[in-house]
Amino acid sequence: MNILLLGSGGREHALAWKLAQSAHLGKLHAAPGNPGIAEHARCHALDLSDHGAVVAFCHEHAIGLVVVGPEAPLVDGLADSLRAAAIRVFGPNQAAAQLEGSKGFTKDLCSRAGIPTAGYVRTSNQDDALAALAQFGLPVVIKADGLAAGKGVVIAQTAQDARDAIADMFAGGFGDAGAEVVIEEFMTGEEASFFALTDGATIVAFGSAQDHKRVGDGDTGPNTGGMGAYSPARVLTPALEREVMTRIIAPTVKAMADAGMAYSGVLFAGLMLTSEGPKLIEYNCRFGDPECQVLMLRLKSDLVDVLSAVADNRLGSIPHPDFSPEPALTVVLAATGYPASPVKGGMIADLASAETQGAKVFHAGTVRDDAGVLRASGGRVLNVCARGQTVRAARDSAYRAVDAIDFGQGFCRRDIGWREIAREDGE
Ligand code: AMP
Ligand code: GLY
């Protein structure tokens, strides 16, 4: 089967690497792809917002399955356009992608279905938003309703900060995404990422991970897309995972199906493990980045089989996806200045010697210049991944590989995995 993979980051390189291991793969195409993905796929400069062009590409290259990496094309309805042209696709339709595309939509759904999450007020009126603050303690969480590239969340420590955040959102600080805001109660606990595959009826757990969102060691500095991750998140015990499935994921999938918006694809739940049990922070309609990288390193099942079964609504008929019990860890190498103003163009060398250390390097933001030299082209540049018998062993392998890479204008956190390693040390 020929597959078209959409996206250009480390998540998509990890998916390409795993798809390429499948016996069922014919030709792998990617759009736009990156130099790492190009090791497995033919990369094309397709405009993903031009649905007609994507459909025409699929017909021309006899594409049997489209795998959508990022959320934007899904929220934009690309999966609907592909399905309307009878092209199989892994990823939800536009209506179902609202679970990521509109935070207010998800909060209302949780409220109707009794799904544990933070208390909230949703409004598109600035005065109502300001008045609603009185219902919340401090800190309070202010969110732009729509997609804001991971930046539309403000945790306000003071009432003034909350008022400023609301004013900023209604003034267009986050573009259209802030035309409506969600004000939320602040939850405390440890965060974990949980993944479930669903075809709208059958639901299958697909691994867990923990991300490191802050840019600096010790979880300091501004938020980022994620500076490193490991899988599994052992803090999400089998009992807690069952609770997440029955109290959060299953009622969501059922509510979506009942509303005529059956969800098909991967449902990524950001969870807060509170003293009252797991609560939903947010949903994403795609794999996490860099969480996907560590999931793919552990996945033993054939990814083409799994994603095809989701796309064909026959997830219940395939064996349960199988993961290595060994943990995997990834360290993000970012460009100096990330997240505010990453320096582009930094030279990268010695990736091959990093991989001889038993690690796997995924490209997240790289380009090859005209002379064939690999250079940084984004904030998060490389994902250096390794597996090990323990998280500590995986981390040691990953950092050995990091140290073998020549990327003078890059940096990374040196403490990825610290929570889990502290737990291992305590055993
Ligand atoms: P989100 O984009 O919704 O995942 O939010 C980004 C980050 O903000 C999350 O990973 C949490 O660390 C934090 N966050 C979001 N909502 C809440 C909440 N209600 N309580 C505490 N922290 C939150
Ligand atoms: N790493 C978090 C995300 O992909 O949203």
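Heavy atoms only: backbone and side chains are in, while hydrogens, waters and symmetry mates are out. For ligands, and for the atoms within them, numbers begin at 1 and follow the listed sequence.
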Atoms of ligand 1 less than 4.0 Å from Met272 heavy atoms? 21 (C), 22 (N)
Going by the angle between their ring planes, with limits at 30° and 60°, are His13 and His40 parallel, tilted or perpendicular? tilted
Quick check for you: to the nearest 0.5 Å, what is the distance between Leu147 atom CG and Ser102 atom OG? 9.5 Å
Close-contact set for ligand 1 against Ala118 heavy atoms, below 4.0 Å: 19 (N)
Under-4.0 Å heavy-atom contact with ligand 1, by part of Glu191 that carries it: side chain
Donor-acceptor pairs under 3.5 Å, side chain of residues 332-347 to any protein atom, not counting sequence neighbours: which ones?
| residue | atom | partner | partner atom | Å |
| --- | --- | --- | --- | --- |
| Thr336 | OG1 | Gln409 | O | 2.7 |
| Tyr338 | OH | Gly225 | N | 3.0 |

What does the contact table look like for ligand 2 (nitrogen or oxygen on each side, cut-off under 3.5 Å)?
| residue | atom | partner | partner atom | Å |
| --- | --- | --- | --- | --- |
| ligand 2 | 1 (N) | Asp211 | OD2 | 2.8 |
| ligand 2 | 1 (N) | Gly225 | O | 3.2 |
| ligand 2 | 1 (N) | Asp289 | O | 2.9 |
| ligand 2 | 1 (N) | Glu291 | OE1 | 2.8 |
| ligand 2 | 1 (N) | Glu291 | OE2 | 3.4 |
| ligand 2 | 4 (O) | Arg286 | NH1 | 3.0 |
| ligand 2 | 4 (O) | Asp289 | N | 2.9 |
| ligand 2 | 5 (O) | Arg286 | NH1 | 3.4 |
| ligand 2 | 5 (O) | Arg286 | NH2 | 3.0 |

Salt bridge Glu180-Lys107, side-chain N to carboxylate O under 4.0 Å: no
Can you confirm, on distance only, whether ligand 1 has an N/O atom lying under 3.5 Å from any N/O atom belonging to Lys143? yes
Polar contacts were defined as any N/O atom of the residue lying under 3.5 Å from an N/O atom of the ligand; does this apply to Met187 and ligand 1? yes
Considering the heavy atoms of Lys213, write down every atom of ligand 1 situated less than 4.0 Å from one of them. 10 (O)
Salt-bridge contact Arg395-Glu420 (side-chain N to carboxylate O under 4.0 Å): no
With atoms numbered from 1 as shown, which atoms in ligand 1 lie under 4.0 angstrom from a non-hydrogen atom of Val141? 16 (N), 17 (C), 18 (C), 19 (N), 20 (N)
Rounded to the nearest 0.5 Å, what separation is found between the CG atom of Leu15 and the CD1 atom of Ile37? 8.5 Å
Between Asn34 and Ser8 (side chain of the first, backbone of the second, donor and acceptor by atom type, cut-off under 3.5 Å), is there such a pair? yes
Mark yes or no for whether Gln98, through its side chain, and Ala95, through its backbone, hold a donor-acceptor pair below 3.5 Å. yes
Closer than 4.0 Å to some heavy atom of Glu185 - which atoms of ligand 1 meet that? 18 (C), 19 (N), 20 (N)
Numbered atoms and elements of ligand 1 in range of Lys103, under 4.0 angstrom, heavy atoms: 2 (O), 3 (O)
Looking at Gln160, I want to see if its CD is surrounded by more than 12 non-hydrogen atoms of other residues, nucleotides or ligands under 6.0 Å. yes
In terms of the angle between their ring planes, are His44 and Phe57 parallel, tilted or perpendicular, with boundaries placed at 30° and 60°? perpendicular
Can Glu326 and Arg387 be counted as an ion pair, charged N to O under 4.0 angstrom? yes
Nearest to atom 2 (O) of ligand 1 by heavy atom, Arg214, Lys279, Glu282: which? Glu282
